[in-house]
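Quick one: this structure, given as structure tokens, is what I'll be asking you about.
Positions are given from 1, in the same order as the sequence printed here. Whatever order the structure lists ligands and atoms in, that order sets their numbers, starting from 1.
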Amino acid sequence: MDDTRHYGFETRAIHAGQRPDPRTGAVIVPIYATSTYAQDGVGGLREGGYEYSRTANPTRTAAEEALAALENGRRCVSFASGMAATDAVLRTALRPGDHLVLGNDAYGGTFRLIDKVMTGWGLEYTVADLSSLDAVRAAVRPETKLIWCESPSNPLLGIADIAGLATVAHEAQAQLVVDNTFATPYLQQPLELGADIVVHSTTKYLGGHSDVVGGAVVTNSDEVAEQVFFLRNSAGAVPGPFDSWLTMRGMKTLALRMERHCDNAERIVAMLADHPAVTKVYYPGLPEHPGHEVAAKQMRRFGGMVSFTVQGGEQRALQVAAATELFTLAESLGGIESLIEHPGKMTHASTAGSLLQVPEDLIRLSVGIESPEDLEADLRKALS
Ligand code: PLP
């Protein structure tokens, strides 16, 4: 369907970008497993203007239209991974000597790319507490071109006031990028709050079944979209048609899954908050979370990610992370199955010794959609 803007989120999730196949009537967009497209005479491209699958592929186009519609954005450019999407935004928006403000809690891979790769190309960055607009203002310089925000952040579930950050960025003639991987467009729509660019690891909730790696950039700016598209076509980090198809299938049930992820996370949070072995629970749905009010304003619910620290330090945290049966000890998040991990030794090992270093007794949960009583019992047993 071409224009789904007037429909609700769940309707857009099912219909945006989806058209019955013109030849067969297939209701579901096929997996166009083709690298190239026949031309009617040199330059005579057929419907859709497809030429070569690094540039564009119909399955990928359908997935991109669907995600753009879910974020209430005009354009989506998808990638082979979330990091490829992040890399494309950094490399299109920044030139040597430019400066970026990065949150003091962010995915370890994003930090590694900025700190270890981009600085080699002359990018400078400052780490700031994004929950404080004053701290962000103080970090901004005349050369600042981007503010890079995760809200909720990975893994400490910090909350930034996205509308406030957009104002700070625009006052400085900079752009606000929001990595919306944790929240998903079902829970939070950063473009509506004033952000310029949304980045996703579609590997996570959008794909939703831990069976595909992918990423995406969504924006309302044709200029940004064209630049990101140009870089993707030039550098080639495209998702294949099957990956795009899996992501698209996942997105159709995003609303249902997110409701259940939130329900289950709330139950786990209630249990952890009362548990004698737990020293702190990080979840923006808790009234005592410093970002709770902002989160309640800009999010529909508080998500399926929960972090907590335990009595007994790192050793005990490592033991608990290895003691569950249903929560699988693994990196990643956002799938239907519950996962548990130790960020300090796993997803965020690259932040050791930096301003983004995570507590060593921290455990991160991606709460899945299994029966809540089973998840609760599994964690209780691991904590006992
Ligand atoms: N952004 C966030 C918040 C993430 O958690 C991740 C991966 O864990 C990424 C970006 C990178 O995505 P990918 O692993 O798909 O490259």
Quiz item: Which residue, Y205, Y186, F182, forms the ring-ring contact (aromatic ring centres under 6.0 Å, His included) with H261?
Solution: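 Between H261 and the candidates, ring-ring contact (aromatic ring centres under 6.0 Å, His included) is satisfied uniquely by Y205.
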Quiz item: Only one of T144, V177, L146 forms a side-chain contact (heavy atoms from CB on, under 4.5 Å) with L100, so which one is it?
Solution: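 Considering T144, V177, L146, a side-chain contact (heavy atoms from CB on, under 4.5 Å) with L100 is found only for L146.
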Exercise. State, to 0.1 Å, how close Y32 and P58 come at their nearest heavy-atom pair, and which atoms those are.
Key: CD1-CB, 3.4 Å
Quiz prompt | Axial cation check for Y37 ring with R46, 6.0 Å and 45° limits | solution = no
Practice problem: Check side-chain contact (heavy atoms from CB on, under 4.5 Å) between D263 and all other residues, then give those that pass, not counting sequence neighbours. | Solution: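 D263: side-chain contact (heavy atoms from CB on, under 4.5 Å) contacts with R301.
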Quiz item: Can you list, by chain and residue number, every protein residue with a non-hydrogen atom closer than 4.0 Å to ligand 1?
Solution: S81, G82, M83, Y107, E150, N154, D179, T181, S201, T203, K204, G214, L333
Practice problem: With rounding to the nearest 0.5 Å, note down the distance linking NE2 in H6 to OG1 in T11. | Solution: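 So the gap between those two atoms works out to 9.5 Å.
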